[in-house]
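So the structure is just underneath, and the comments pick up after that.
Computed over heavy atoms, backbone and side chain alike; hydrogens, waters and symmetry mates excluded. Computed from a predicted model, the values in this text were never measured in an experiment. We name chains A, B, ... by the order of the sequence lines, and we start the count at 1 in each one.
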Amino acid sequence: MIYVITGPTCTGKDAFAIELAKRLGGEIINADAFHVYKGLIIGTNKPKEEDFQGVKHHLFDFIELDDNYSIARYQKDARLIIEDLLDRNIPIIMLGGSGLYIKAALFDYRFKEEDKIDMAIYDAMDNKTLHESLKAIDHAAANNIHPNNRRRVMRAIQIFLAQGIRKSDIPILRNERPLYECMFFGIEFDRGDLYLRIVSRVTRMMNEGLIREVKQLSEKYGDNQQAFNAIGYKEIIEHLQGITSKEEALSNIISNTRHYAKRQITFFRHQFDMHWVKTVDDIIRIAHHGKTS
RNA sequence: GGCCCGGUAGCUCAGUUGGUAGAGCAACGGACUGAAAAUCCGUGUGUCGCCGGUUCAAUCCCGGCUUGGGCCA
(Lines give C-alpha, C1' and ligand atoms only; values in the text may rest on other atoms or scores of the structure.)
Protein backbone atom coordinates (compact mmCIF):
# COMPACT_ATOMS: atom_id res chain seq x y z
CA MET A 1 0.00 0.00 0.00
CA ILE A 2 1.25 3.45 -0.91
CA TYR A 3 0.14 6.35 1.27
CA VAL A 4 0.62 9.54 -0.68
CA ILE A 5 0.97 12.59 1.56
CA THR A 6 0.66 15.61 -0.66
CA GLY A 7 -1.22 18.91 -0.84
CA PRO A 8 -0.12 22.51 -1.01
CA THR A 9 3.13 23.78 0.41
CA CYS A 10 3.36 24.92 4.02
CA THR A 11 0.78 22.56 5.49
CA GLY A 12 3.13 20.44 7.61
CA LYS A 13 3.31 17.35 5.41
CA ASP A 14 6.77 16.27 6.58
CA ALA A 15 5.84 15.81 10.21
CA PHE A 16 2.66 13.96 9.23
CA ALA A 17 4.58 11.60 6.99
CA ILE A 18 7.19 10.82 9.63
CA GLU A 19 4.55 10.12 12.25
CA LEU A 20 2.64 7.91 9.83
CA ALA A 21 5.79 6.04 8.82
CA LYS A 22 6.67 5.39 12.44
CA ARG A 23 3.23 4.08 13.25
CA LEU A 24 3.11 1.82 10.19
CA GLY A 25 6.74 0.84 10.14
CA GLY A 26 7.00 2.36 6.69
CA GLU A 27 9.58 4.24 4.66
CA ILE A 28 9.30 7.58 2.93
CA ILE A 29 9.86 8.26 -0.75
CA ASN A 30 10.39 11.91 -1.42
CA ALA A 31 8.12 13.42 -4.08
CA ASP A 32 9.34 16.98 -3.90
CA ALA A 33 11.07 18.17 -7.04
CA PHE A 34 13.55 20.31 -5.13
CA HIS A 35 14.23 18.18 -2.06
CA VAL A 36 16.08 15.85 -4.41
CA TYR A 37 18.88 18.41 -4.78
CA LYS A 38 21.78 18.67 -2.40
CA GLY A 39 22.40 22.10 -1.01
CA LEU A 40 18.92 23.58 -1.27
CA ILE A 41 18.12 23.70 2.42
CA ILE A 42 16.59 26.81 3.94
CA GLY A 43 14.65 27.90 0.86
CA THR A 44 13.06 24.51 0.26
CA ASN A 45 12.34 24.06 3.97
CA LYS A 46 14.16 20.76 3.75
CA PRO A 47 13.56 18.60 6.82
CA LYS A 48 16.64 17.85 8.86
CA GLU A 49 18.12 14.41 9.36
CA GLU A 50 17.58 14.66 13.13
CA ASP A 51 13.83 15.11 12.59
CA PHE A 52 13.55 11.84 10.69
CA GLN A 53 13.34 9.86 13.95
CA GLY A 54 14.91 6.89 12.28
CA VAL A 55 12.47 6.82 9.37
CA LYS A 56 14.24 5.98 6.14
CA HIS A 57 13.95 8.61 3.37
CA HIS A 58 14.48 7.73 -0.28
CA LEU A 59 15.21 10.03 -3.24
CA PHE A 60 16.10 12.77 -0.85
CA ASP A 61 19.07 15.12 -1.01
CA PHE A 62 20.95 12.98 -3.54
CA ILE A 63 21.25 14.99 -6.79
CA GLU A 64 24.14 17.37 -7.41
CA LEU A 65 22.99 20.96 -7.62
CA ASP A 66 24.33 21.46 -11.13
CA ASP A 67 22.62 18.31 -12.43
CA ASN A 68 19.28 18.54 -14.25
CA TYR A 69 16.75 16.20 -12.74
CA SER A 70 13.47 15.45 -14.54
CA ILE A 71 10.20 13.64 -14.13
CA ALA A 72 11.40 10.86 -16.41
CA ARG A 73 14.36 10.21 -14.15
CA TYR A 74 12.15 10.48 -11.10
CA GLN A 75 9.73 7.93 -12.52
CA LYS A 76 12.52 5.45 -13.05
CA ASP A 77 14.13 6.07 -9.63
CA ALA A 78 10.85 6.00 -7.74
CA ARG A 79 9.53 2.83 -9.35
CA LEU A 80 12.69 0.92 -8.48
CA ILE A 81 12.24 1.79 -4.84
CA ILE A 82 8.50 1.18 -4.91
CA GLU A 83 8.99 -2.31 -6.36
CA ASP A 84 11.63 -3.11 -3.79
CA LEU A 85 9.58 -1.94 -0.81
CA LEU A 86 6.48 -3.72 -2.09
CA ASP A 87 8.49 -6.95 -2.42
CA ARG A 88 9.61 -6.60 1.16
CA ASN A 89 6.09 -5.72 2.33
CA ILE A 90 7.11 -2.37 3.73
CA PRO A 91 4.41 0.33 3.75
CA ILE A 92 5.32 3.20 1.44
CA ILE A 93 4.72 6.82 2.27
CA MET A 94 5.18 9.03 -0.76
CA LEU A 95 5.70 12.54 0.51
CA GLY A 96 5.77 15.77 -1.43
CA GLY A 97 3.93 18.52 -3.23
CA SER A 98 5.17 17.93 -6.77
CA GLY A 99 1.98 16.64 -8.33
CA LEU A 100 3.44 15.71 -11.68
CA TYR A 101 6.22 13.69 -10.05
CA ILE A 102 3.63 11.70 -8.14
CA LYS A 103 1.55 11.31 -11.25
CA ALA A 104 4.51 10.07 -13.30
CA ALA A 105 5.59 7.58 -10.67
CA LEU A 106 2.23 6.07 -9.84
CA PHE A 107 0.26 6.31 -13.07
CA ASP A 108 0.90 4.96 -16.54
CA TYR A 109 2.99 7.84 -17.81
CA ARG A 110 5.29 6.90 -20.66
CA PHE A 111 8.68 8.27 -21.40
CA LYS A 112 10.90 6.98 -24.17
CA GLU A 113 14.64 7.32 -24.44
CA GLU A 114 15.44 10.30 -26.58
CA ASP A 115 18.49 11.90 -28.13
CA LYS A 116 19.64 15.37 -27.40
CA ILE A 117 18.80 17.70 -30.25
CA ASP A 118 19.62 21.25 -31.10
CA MET A 119 16.58 23.49 -30.80
CA ALA A 120 18.43 26.67 -31.70
CA ILE A 121 16.40 27.50 -34.81
CA TYR A 122 13.19 27.14 -32.83
CA ASP A 123 14.56 29.22 -29.99
CA ALA A 124 14.88 32.11 -32.37
CA MET A 125 11.25 32.03 -33.48
CA ASP A 126 8.55 34.21 -32.00
CA ASN A 127 5.61 32.54 -30.29
CA LYS A 128 3.35 32.64 -33.30
CA THR A 129 5.85 31.22 -35.77
CA LEU A 130 6.85 28.55 -33.29
CA HIS A 131 3.25 27.53 -32.87
CA GLU A 132 2.81 27.40 -36.66
CA SER A 133 5.82 25.10 -36.85
CA LEU A 134 4.23 22.75 -34.37
CA LYS A 135 0.95 22.86 -36.24
CA ALA A 136 2.75 21.68 -39.38
CA ILE A 137 4.05 18.53 -37.70
CA ASP A 138 1.41 17.86 -35.04
CA HIS A 139 -1.88 19.61 -35.60
CA ALA A 140 -3.64 17.99 -32.65
CA ALA A 141 -0.96 18.97 -30.16
CA ALA A 142 -0.91 22.52 -31.50
CA ASN A 143 -4.64 22.77 -30.93
CA ASN A 144 -4.16 21.75 -27.32
CA ILE A 145 -1.34 24.12 -26.48
CA HIS A 146 -1.80 27.85 -26.32
CA PRO A 147 0.66 29.73 -28.59
CA ASN A 148 1.90 31.75 -25.62
CA ASN A 149 2.86 28.60 -23.78
CA ARG A 150 6.23 28.60 -25.45
CA ARG A 151 7.75 25.93 -23.27
CA ARG A 152 5.08 23.36 -24.09
CA VAL A 153 5.06 24.22 -27.78
CA MET A 154 8.82 23.76 -27.83
CA ARG A 155 8.61 20.46 -26.00
CA ALA A 156 6.02 19.10 -28.40
CA ILE A 157 8.33 19.89 -31.30
CA GLN A 158 11.23 18.33 -29.43
CA ILE A 159 9.27 15.12 -28.88
CA PHE A 160 8.73 14.85 -32.61
CA LEU A 161 12.37 15.46 -33.43
CA ALA A 162 13.87 13.34 -30.65
CA GLN A 163 11.47 10.41 -30.60
CA GLY A 164 10.04 10.46 -34.11
CA ILE A 165 6.48 10.38 -32.79
CA ARG A 166 3.89 13.08 -32.35
CA LYS A 167 3.13 14.26 -28.84
CA SER A 168 -0.54 13.81 -29.58
CA ASP A 169 0.12 10.13 -30.35
CA ILE A 170 1.47 9.39 -26.90
CA PRO A 171 -1.35 7.54 -25.16
CA ILE A 172 -2.78 9.83 -22.50
CA LEU A 173 -4.83 7.72 -20.16
CA ARG A 174 -7.25 10.00 -18.45
CA ASN A 175 -9.10 8.94 -15.30
CA GLU A 176 -7.03 5.82 -15.33
CA ARG A 177 -6.37 4.11 -12.02
CA PRO A 178 -2.88 4.20 -10.50
CA LEU A 179 -0.57 1.26 -11.22
CA TYR A 180 -0.25 0.46 -7.54
CA GLU A 181 -2.67 0.29 -4.65
CA CYS A 182 -2.56 3.79 -3.22
CA MET A 183 -4.47 6.47 -1.36
CA PHE A 184 -4.01 10.23 -1.51
CA PHE A 185 -4.03 12.45 1.55
CA GLY A 186 -3.66 16.17 2.09
CA ILE A 187 -3.79 18.24 5.24
CA GLU A 188 -6.89 20.35 5.43
CA PHE A 189 -6.36 24.09 5.80
CA ASP A 190 -8.39 27.23 5.41
CA ARG A 191 -6.86 29.13 2.53
CA GLY A 192 -6.56 32.38 4.47
CA ASP A 193 -4.73 30.55 7.26
CA LEU A 194 -2.45 28.92 4.72
CA TYR A 195 -1.55 32.30 3.26
CA LEU A 196 -0.70 33.60 6.73
CA ARG A 197 1.53 30.58 7.35
CA ILE A 198 3.34 31.28 4.10
CA VAL A 199 4.17 34.82 5.24
CA SER A 200 5.62 33.61 8.51
CA ARG A 201 7.53 30.75 6.93
CA VAL A 202 9.19 32.98 4.34
CA THR A 203 10.01 35.57 6.98
CA ARG A 204 11.59 32.83 9.06
CA MET A 205 13.64 31.62 6.09
CA MET A 206 15.06 35.09 5.63
CA ASN A 207 15.96 35.26 9.33
CA GLU A 208 17.63 31.87 9.12
CA GLY A 209 20.00 33.11 6.43
CA LEU A 210 18.40 32.32 3.09
CA ILE A 211 20.34 35.11 1.40
CA ARG A 212 23.62 33.71 2.69
CA GLU A 213 22.73 30.21 1.48
CA VAL A 214 21.82 31.39 -2.01
CA LYS A 215 24.91 33.60 -2.21
CA GLN A 216 27.21 30.70 -1.40
CA LEU A 217 25.51 28.39 -3.87
CA SER A 218 25.50 30.91 -6.69
CA GLU A 219 29.16 31.68 -6.11
CA LYS A 220 29.96 28.00 -6.35
CA TYR A 221 27.67 26.96 -9.22
CA GLY A 222 26.78 30.16 -11.09
CA ASP A 223 23.31 31.64 -11.38
CA ASN A 224 21.93 29.51 -14.18
CA GLN A 225 21.16 26.17 -12.61
CA GLN A 226 17.85 24.40 -13.12
CA ALA A 227 17.68 23.96 -9.36
CA PHE A 228 17.55 27.73 -8.98
CA ASN A 229 14.07 27.74 -10.49
CA ALA A 230 12.95 26.98 -6.97
CA ILE A 231 10.91 29.66 -5.27
CA GLY A 232 13.11 31.40 -2.76
CA TYR A 233 16.21 30.98 -4.91
CA LYS A 234 15.35 32.78 -8.12
CA GLU A 235 14.07 35.80 -6.20
CA ILE A 236 17.18 36.00 -4.02
CA ILE A 237 19.41 35.68 -7.08
CA GLU A 238 17.59 38.68 -8.56
CA HIS A 239 18.28 40.56 -5.37
CA LEU A 240 21.96 39.58 -5.40
CA GLN A 241 22.18 40.80 -8.99
CA GLY A 242 20.90 44.17 -7.83
CA ILE A 243 17.59 43.92 -9.70
CA THR A 244 15.43 44.00 -6.59
CA SER A 245 15.77 45.22 -3.02
CA LYS A 246 15.76 42.82 -0.10
CA GLU A 247 12.18 43.85 0.72
CA GLU A 248 11.03 43.26 -2.86
CA ALA A 249 12.71 39.85 -2.89
CA LEU A 250 10.90 38.93 0.31
CA SER A 251 7.51 39.97 -1.01
CA ASN A 252 8.15 38.26 -4.35
CA ILE A 253 8.92 35.01 -2.56
CA ILE A 254 5.74 35.33 -0.54
CA SER A 255 3.49 35.98 -3.52
CA ASN A 256 5.14 33.33 -5.69
CA THR A 257 4.67 30.81 -2.89
CA ARG A 258 1.03 31.79 -2.58
CA HIS A 259 0.44 31.42 -6.31
CA TYR A 260 2.21 28.09 -6.24
CA ALA A 261 0.03 26.82 -3.40
CA LYS A 262 -3.03 27.80 -5.37
CA ARG A 263 -1.83 25.95 -8.47
CA GLN A 264 -1.14 22.89 -6.36
CA ILE A 265 -4.64 22.98 -4.94
CA THR A 266 -6.08 23.09 -8.46
CA PHE A 267 -3.88 20.21 -9.57
CA PHE A 268 -4.69 17.91 -6.66
CA ARG A 269 -8.38 18.74 -6.82
CA HIS A 270 -8.58 17.42 -10.37
CA GLN A 271 -5.84 14.83 -10.65
CA PHE A 272 -6.11 12.75 -7.49
CA ASP A 273 -8.85 11.25 -5.42
CA MET A 274 -7.83 13.29 -2.39
CA HIS A 275 -8.79 12.75 1.22
CA TRP A 276 -8.38 15.97 3.18
CA VAL A 277 -7.51 15.20 6.80
CA LYS A 278 -6.62 16.97 10.02
CA THR A 279 -4.66 14.27 11.86
CA VAL A 280 -2.60 11.16 11.23
CA ASP A 281 -5.37 9.22 12.97
CA ASP A 282 -7.71 10.32 10.19
CA ILE A 283 -5.34 8.80 7.65
CA ILE A 284 -5.14 5.49 9.43
CA ARG A 285 -8.89 5.36 9.93
CA ILE A 286 -9.67 6.23 6.31
CA ALA A 287 -7.08 3.76 5.01
CA HIS A 288 -8.46 1.00 7.21
CA HIS A 289 -11.99 1.76 6.15
CA GLY A 290 -10.93 1.78 2.51
CA LYS A 291 -9.39 -1.67 2.88
CA THR A 292 -12.33 -3.30 4.63
CA SER A 293 -15.12 -1.84 2.54
C1' G B 1 -11.48 79.98 10.02
C1' G B 2 -9.89 80.82 4.41
C1' C B 3 -7.91 78.74 -0.12
C1' C B 4 -6.32 74.49 -3.13
C1' C B 5 -6.31 69.25 -4.40
C1' G B 6 -8.47 64.52 -3.76
C1' G B 7 -12.68 60.43 -2.25
C1' U B 8 -14.13 55.48 -8.74
C1' A B 9 -13.00 47.37 -8.00
C1' G B 10 -9.82 44.32 -1.98
C1' C B 11 -5.18 48.00 -3.15
C1' U B 12 -2.79 51.90 -6.46
C1' C B 13 -5.02 54.75 -10.00
C1' A B 14 -7.11 55.87 -15.23
C1' G B 15 -11.58 57.65 -17.50
C1' U B 16 -16.24 59.48 -19.36
C1' U B 17 -16.10 67.30 -24.04
C1' G B 18 -23.18 64.24 -19.71
C1' G B 19 -25.61 58.30 -22.60
C1' U B 20 -24.40 54.19 -15.51
C1' A B 21 -16.77 52.69 -16.29
C1' G B 22 -11.23 50.04 -17.09
C1' A B 23 -5.80 49.12 -16.30
C1' G B 24 -1.96 47.05 -13.15
C1' C B 25 -1.59 44.36 -8.72
C1' A B 26 -4.42 41.17 -5.51
C1' A B 27 -8.18 37.44 -5.52
C1' C B 28 -10.72 33.48 -7.82
C1' G B 29 -11.32 29.52 -11.66
C1' G B 30 -8.71 26.33 -15.14
C1' A B 31 -4.87 23.50 -18.16
C1' C B 32 -0.90 20.19 -17.11
C1' U B 33 3.45 13.37 -19.90
C1' G B 34 11.18 14.77 -20.06
C1' A B 35 12.52 22.56 -16.28
C1' A B 36 6.44 21.26 -12.66
C1' A B 37 8.47 25.43 -6.64
C1' A B 38 8.16 25.34 -14.10
C1' U B 39 4.97 27.17 -18.07
C1' C B 40 0.42 29.00 -19.74
C1' C B 41 -4.97 30.35 -20.15
C1' G B 42 -9.60 32.49 -18.31
C1' U B 43 -12.84 35.66 -14.88
C1' G B 44 -14.43 42.59 -13.24
C1' U B 45 -22.21 44.94 -10.93
C1' G B 46 -18.33 48.55 -8.53
C1' U B 47 -24.57 52.22 -4.02
C1' C B 48 -17.97 56.10 -9.26
C1' G B 49 -18.16 59.56 -0.68
C1' C B 50 -23.50 61.45 0.91
C1' C B 51 -27.92 64.68 -0.04
C1' G B 52 -30.21 67.87 -3.29
C1' G B 53 -30.45 70.78 -8.10
C1' U B 54 -30.09 71.35 -13.59
C1' U B 55 -31.13 67.76 -17.63
C1' C B 56 -34.86 63.24 -21.60
C1' A B 57 -30.39 61.30 -19.08
C1' A B 58 -25.47 62.92 -13.78
C1' U B 59 -20.00 59.10 -11.74
C1' C B 60 -19.05 63.65 -14.91
C1' C B 61 -22.10 70.21 -14.54
C1' C B 62 -24.03 73.33 -10.07
C1' G B 63 -25.00 73.83 -4.56
C1' G B 64 -24.60 71.88 0.27
C1' C B 65 -22.61 68.23 3.53
C1' U B 66 -18.89 64.72 4.86
C1' U B 67 -13.99 62.89 4.76
C1' G B 68 -8.42 62.73 3.69
C1' G B 69 -4.11 65.65 2.38
C1' G B 70 -1.57 70.32 1.50
C1' C B 71 -0.97 75.64 1.89
C1' C B 72 -2.33 80.34 4.40
C1' A B 73 -3.98 82.62 8.88
Side-chain angles (χ1 to χ4, degrees), chain A residues 6-10 13 30-37 40 42-46 63 66-77 96-117 119 127 130-131 138 141 143-163 165-174 176 191-192 194-195 198-199 201-202 205 210 224-237 248 251-272:
Chain A
T6 184
T9 184
C10 226
K13 298 187 288 291
N30 169 54
D32 182 307
F34 288 91
H35 281 172
V36 302
Y37 288 105
L40 304 183
I42 297 174
T44 60
N45 200 47
K46 189 178 275 172
I63 297 291
D66 53 357
D67 197 355
N68 295 333
Y69 204 58
S70 70
I71 66 168
R73 285 175 67 184
Y74 180 78
Q75 181 186 61
K76 196 182 272 179
D77 293 342
S98 300
L100 194 62
Y101 275 43
I102 295 169
K103 198 93 194 186
L106 302 181
F107 291 73
D108 188 20
Y109 271 36
R110 300 184 188 178
F111 304 106
K112 278 170 63 176
E113 292 296 321
E114 60 183 37
D115 300 325
K116 261 206 170 347
I117 38 161
M119 298 293 286
N127 289 356
L130 188 69
H131 195 251
D138 187 347
N143 278 341
N144 271 329
I145 304 172
H146 193 281
N148 289 354
N149 202 344
R150 209 182 155 78
R151 175 170 298 177
R152 295 251 178 92
V153 175
M154 194 78 90
R155 171 93 266 259
I157 294 171
Q158 192 182 26
I159 285 173
F160 184 76
L161 299 176
Q163 300 184 20
I165 57 167
R166 280 181 236 134
K167 179 176 193 287
S168 58
D169 288 335
I170 298 172
I172 304 284
L173 309 160
R174 261 174 227 287
E176 206 52 24
R191 197 173 294 190
L194 181 60
Y195 287 0
I198 288 171
V199 172
R201 175 193 275 187
V202 175
M205 286 172 174
L210 180 60
N224 294 317
Q225 297 300 336
Q226 180 177 303
F228 292 151
N229 275 321
I231 295 170
Y233 294 82
K234 53 175 181 252
E235 298 87 350
I236 297 294
I237 284 173
E248 286 169 324
S251 84
N252 288 343
I253 295 172
I254 290 170
S255 58
N256 287 336
T257 305
R258 217 170 40 223
H259 295 157
Y260 167 51
K262 187 181 177 318
R263 266 179 278 130
Q264 286 177 300
I265 291 167
T266 301
F267 191 88
F268 301 134
R269 186 149 59 199
H270 296 274
Q271 301 285 333
F272 301 135

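Atoms CZ (A:Phe268) and P (B:G30) sit 14 Å apart, rounded to a whole Å. At whole-Å resolution of the value, CZ in A:Arg155 and C1' in B:C40 are 17 Å apart. Between A:His259 atom NE2 and B:C28 atom C1' there is a gap of 11 Å when expressed in whole angstrom units. In this structure, A:Leu40 places its CG atom 14 Å from C1' of B:A35, rounding to the nearest Å. Between A:Asn127 atom CG and B:C41 atom C1' there is a gap of 13 Å when expressed in whole angstrom units. Atoms CD1 (A:Ile254) and P (B:A27) sit 12 Å apart, rounded to a whole Å. For the pair A:Lys262 NZ and B:G42 P, the computed distance is 14 Å after rounding to whole Å. One atom, CZ of A:Arg263, and another, P of B:C28, lie 13 Å apart when rounded to the nearest Å.
Using atom P as the reference point in both B:A9 and B:A14, the two lie 12 Å apart (nearest Å). For B:G7 and B:C65, the C1' atoms lie 14 Å apart once the distance is rounded to whole Å. Comparing the P positions of B:C60 and B:G53 gives an interatomic distance of 14 Å, to the nearest angstrom. Between B:C25 and B:C72, the two C1' atoms lie 38 Å apart (nearest whole Å). Look at the C1' atom in both B:C50 and B:U43: the space between them is 32 Å, to the nearest Å. Going from the P atom of B:C4 to that of B:G63 covers 11 Å, rounded to whole Å. Between B:U59 and B:U54, the distance separating the two P atoms is 15 Å to the nearest Å. Nucleotides B:G2 and B:A58, compared at atom C1', are 30 Å apart to the nearest Å.
Taking only side-chain atoms of A:Ala230, from C-beta outward, the nucleotide of B:C40, B:A37, B:C32 with the closest atom is B:A37. When each of B:A37, B:C41, B:A31 is scored by its nearest atom to the side-chain atoms of A:His270, the top-ranked nucleotide is B:A31. Set against B:C40, B:A37, B:U33, the side chain of A:Lys167 has B:U33 as its closest nucleotide. Here the nucleotide nearest the side chain of A:Arg152, chosen from B:A37, B:C32, B:C40, is B:C32. Of all nucleotides listed (B:C41, B:A36, B:G30), B:G30 comes nearest to the side chain of A:Thr266. Distance from the side chain of A:Ala33 is smallest for B:A36 among the nucleotides B:C41, B:A36, B:A31.
Within the nucleic acid shown, A:Ile71 comes within 4.0 Å of sugar-phosphate atoms alone, with no base atom in reach, counting heavy atoms only. Among the protein residues, A:Glu235 comes within range of no part of the nucleic acid, since none of its heavy atoms lies under 4.0 Å from any strand. Using a 4.0 Å heavy-atom distance criterion, A:Arg258 is classed as a sugar-phosphate-only contact. Residue contacts for A:Asn256: at a heavy-atom cut-off of 4.0 Å it reaches no nucleic acid atom on any strand shown. When heavy atoms are screened at a 4.0 angstrom cut-off, A:Glu114 is found touching base atoms of the nucleic acid.
At least one side-chain nitrogen or oxygen of A:Gln271 sits closer than 4.0 Å to the OP1 or OP2 atom of B:C32. In this structure, A:Arg191 reaches the B:G29 phosphate: one of its side-chain N or O atoms is under 4.0 Å from OP1 or OP2. Side-chain N/O atoms of A:Asn229 include none lying less than 4.0 angstrom from OP1 or OP2 on B:A35. Checking the phosphate oxygens (OP1, OP2) of B:G30, a side-chain nitrogen or oxygen of A:Arg269 falls inside 4.0 Å. Taking side-chain N and O atoms only, A:Tyr195 has no distance below 4.0 Å to OP1 or OP2 of B:G10. Proximity of A:Thr44 to the phosphate of B:A37: no side-chain N or O atom is located under 4.0 Å from OP1 or OP2. Here A:His146 does not reach the OP1 or OP2 of B:A31: none of its side-chain N or O atoms lies under 4.0 Å away. OP1 and OP2 of B:A37 both lie 4.0 Å or more from every side-chain N or O belonging to A:Tyr233. Between A:Tyr109 and B:U33, a side-chain N or O to OP1/OP2 separation shorter than 4.0 Å is absent.
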- Query: Should A:Gln264 and A:Thr6 be marked as a side chain to side chain contact (heavy atoms under 4.5 Å, CB included) after you check the CA-CA gap, both sets of side-chain angles, and the distance that decides it?
  - Reply: CA-CA 9 Å; A:Gln264 286 177 300; A:Thr6 184; over 6 Å; no
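Taking the side chain as every heavy atom from C-beta outward, A:Asn256 and A:Lys234 approach each other to under 4.5 Å. The side-chain heavy atoms of A:Ile231 and A:Phe34, taken from C-beta on, include no pair separated by under 4.5 Å. A:Asp138 places none of its side-chain heavy atoms less than 4.5 Å from the side chain of A:Phe160.
For B:C3, the paired base is B:G70 (Watson-Crick or G-U wobble, both distances below 3.5 Å). Across all strands shown, nothing is found opposite B:G18 as a Watson-Crick or G-U wobble partner with both distances under 3.5 Å.
In terms of position on RNA chain B, the residue among A:Phe267 and A:Gly97 whose nearest nucleotide sits closer to the 5' end is A:Phe267.
When the options A:Asp32, A:Thr44, A:Ile63 are evaluated for a side chain to side chain contact (heavy atoms under 4.5 Å, CB included) with A:Tyr37, the one that passes is A:Ile63.
Taking the six-membered ring where the residue is Trp, A:Tyr233 and A:Phe228 present parallel rings, their angle staying beneath 30° rather than reaching 60°. Note: A:Phe272 and A:Phe267 have perpendicular aromatic rings, judged against thresholds of 30 and 60 degrees for the angle between ring planes.
Here the side chain of A:Arg152 pairs no donor or acceptor atom with the backbone of A:His146 at under 3.5 angstrom.
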